[in-house]
Amino acid sequence: MRIATWNVNSIKTRLDLLTRWLKEAEPDVVCLQEIKCVDDAFPRTAIEDLGYNVVVHGQKTYNGVALLSRLALEDVTIGLPGDDADDQARFVEAVVSIPGRAVRVAGIYLPNGNPAPGPKYDYKLAWMERLRAHAAERLRLEEPYVIAGDYNVIPAAQDARRPEAWVEDALFRPDTRAAWRRLMALGFTEAVRACDDADGVYTFWDYQAGAWQKNDGIRIDHLLLSPQAADALLTTRIDKHVRAWERPSDHVPAIADFAFG
DNA sequence: ATGCCATAAACATTATGA
């Protein structure tokens, strides 16, 4: 089973690239972030025609996440539990059924948090704590569980070409990394780092200042695996070449292959 | 300290992103 995550930065603008990439990469499950449209505006038919079931948690203009799956999606959770007043579309979760087994997959768009400090940063840290609480509950099920998405977290200096440029940023501040470590300490394995400890593994390059041309990137898109999912992990891949396509997203797909299914 | 670029909508400036 191949599970991928990709922040497309508008599904409407990126539909042709998404279609091209789905045919090329042949993922079984895809977590999309920043679709930037309401549910009814999502290009559902175009994606269903490629053989995917679709669950959308959309929002006008900002945020928005979706799950695509070749297999049935069941037991859907829309929105991150823990705060009924939070109306930002950043979390969608479902069970992907395979014969004799089930894998639960959550797609997340974790808040950016800039400028920091400030209310947006407070929201980011609160959201990370809610994610930790929800993840702890899911881990008690002792099942294969994958939380994939745009975490807006640079876990370590190794994950940035110029870490010194990010020390005051919400993606890399000490409180952000501490919250990341509290999440990981529940027992998760980050798939990409588990398979490759090299420097220079990035998933995002800013549109500005020639970041892509200079390979001035950061690694902020992650796949967190429960122990039962980590046991089945085979390989990972970053589809970096997609960043060089015409009118690209500033993020590229991150992919993990598993032995189940 | 700001813009550098990209997106959507408030439509020609603003909010947001990272």
Side-chain angles (χ1 to χ4, degrees), chain A residues 5-18 21 31-43 56-66 86-91 107-128 131 148-180 192 200-222 238 240 242-254:
Chain A
T5 177
W6 190 12
N7 179 325
V8 290
N9 187 14
S10 170
I11 187 66
K12 284 186 247 181
T13 299
R14 225 64 67 197
L15 181 58
D16 287 348
L17 291 197
L18 175 63
W21 176 76
C31 305
L32 298 176
Q33 301 89 39
E34 282 206 90
I35 62 172
K36 293 186 174 179
C37 67
V38 296
D39 292 7
D40 288 347
F42 191 87
V56 181
H57 181 28
Q59 182 180 334
K60 187 180 179 183
T61 311
Y62 303 120
N63 311 318
V65 290
D86 183 4
D87 56 2
Q88 298 191 29
R90 298 180 175 277
F91 182 95
I108 72 162
Y109 176 47
L110 204 148
N112 173 305
N114 281 305
K120 292 193 174 183
Y121 192 56
D122 295 341
Y123 174 67
K124 176 178 193 158
L125 294 177
W127 205 95
M128 292 183 80
L131 180 63
D150 176 358
Y151 279 73
N152 272 315
V153 173
I154 303 168
Q158 180 190 19
D159 299 308
R161 176 67 175 271
R162 297 165 50 242
E164 68 280 4
W166 298 93
V167 290
E168 300 288 332
D169 194 281
L171 279 63
F172 193 55
R173 292 175 74 89
D175 286 351
T176 304
R177 284 181 279 159
W180 167 267
V192 172
V201 178
Y202 308 132
T203 63
F204 171 92
W205 296 261
D206 201 293
Y207 289 121
Q208 302 181 64
W212 167 245
Q213 288 75 13
K214 293 186 284 193
N215 194 27
D216 182 8
I218 52 178
R219 193 174 70 90
I220 57 175
D221 300 271
H222 310 295
I238 305 292
K240 185 175 178 177
V242 171
R243 187 62 177 79
W245 287 356
E246 193 177 349
R247 288 201 81 190
S249 170
D250 39 9
H251 297 249
V252 298

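Order of the sequence lines sets the chain letters (A, B, ...), proteins ahead of strands, with each chain counted from 1.
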### Task
To the nearest Å, give me how far apart CD (A:Glu168) and C1' (B:dA1) are.
15 Å
### Query
With a 4.5 Å limit on heavy-atom distance, are the side chains of A:Leu110 and A:Met128 in contact?
yes
### Message
Side-chain N or O of A:Ser249 versus OP1/OP2 of B:dA6: is the shortest distance under 4.0 Å?
### Response
no
### Message
If I pick the P atom on B:dA12 and the same atom on B:dT2, what distance separates them, to the nearest angstrom?
### Response
25 Å
### Task
Check ring pair (Phe, Tyr, Trp, His ring centres under 6.0 Å) between A:Tyr109 and all other residues, then give those that pass, not counting sequence neighbours.
none
### Message
One character per nucleotide, please: for nucleotides 9-18 of chain B, 5' to 3', B when the base has a protein heavy atom closer than 4.0 Å, S when only the sugar-phosphate does, - otherwise.
### Response
SB----BSSB
### Task
Send over the distance from A:Leu15 CG to B:dA8 P, rounded to a whole Å.
12 Å
### Query
Listed by chain and number, what are the salt bridge (charged side-chain N to carboxylate O under 4.0 Å, His left out) partners of A:Arg162, not counting sequence neighbours?
A:Asp216
### Query
Is the phosphate of B:dT7, meaning OP1 or OP2, less than 4.0 Å from a side-chain N or O of A:Arg247?
yes
### Query
For the pair made of CD in A:Glu246 and P in B:dC5, what is the distance, rounded to whole Å?
18 Å
#### Entry: salt bridge (charged side-chain N to carboxylate O under 4.0 Å, His left out) involving A:Asp86 - partner list, sequence neighbours excluded
A:Arg130
### Task
Ignoring backbone atoms, test whether A:Ser10 places a side-chain nitrogen or oxygen under 4.0 Å from the OP1 or OP2 oxygen of B:dA6.
no
### Query
Got a sec, which residues hit ring pair (Phe, Tyr, Trp, His ring centres under 6.0 Å) with A:Phe204, two or more places apart in sequence or on another chain?
A:His251
### Contacts of type ring pair (Phe, Tyr, Trp, His ring centres under 6.0 Å), residue A:Trp166, not counting sequence neighbours
none
### Query
When the C1' atoms of B:dA1 and B:dA6 are considered, how many whole Å apart are they?
22 Å
#### Entry: Distance, C1' atom - from B:dT16 to B:dA10, rounded to whole angstrom
13 Å
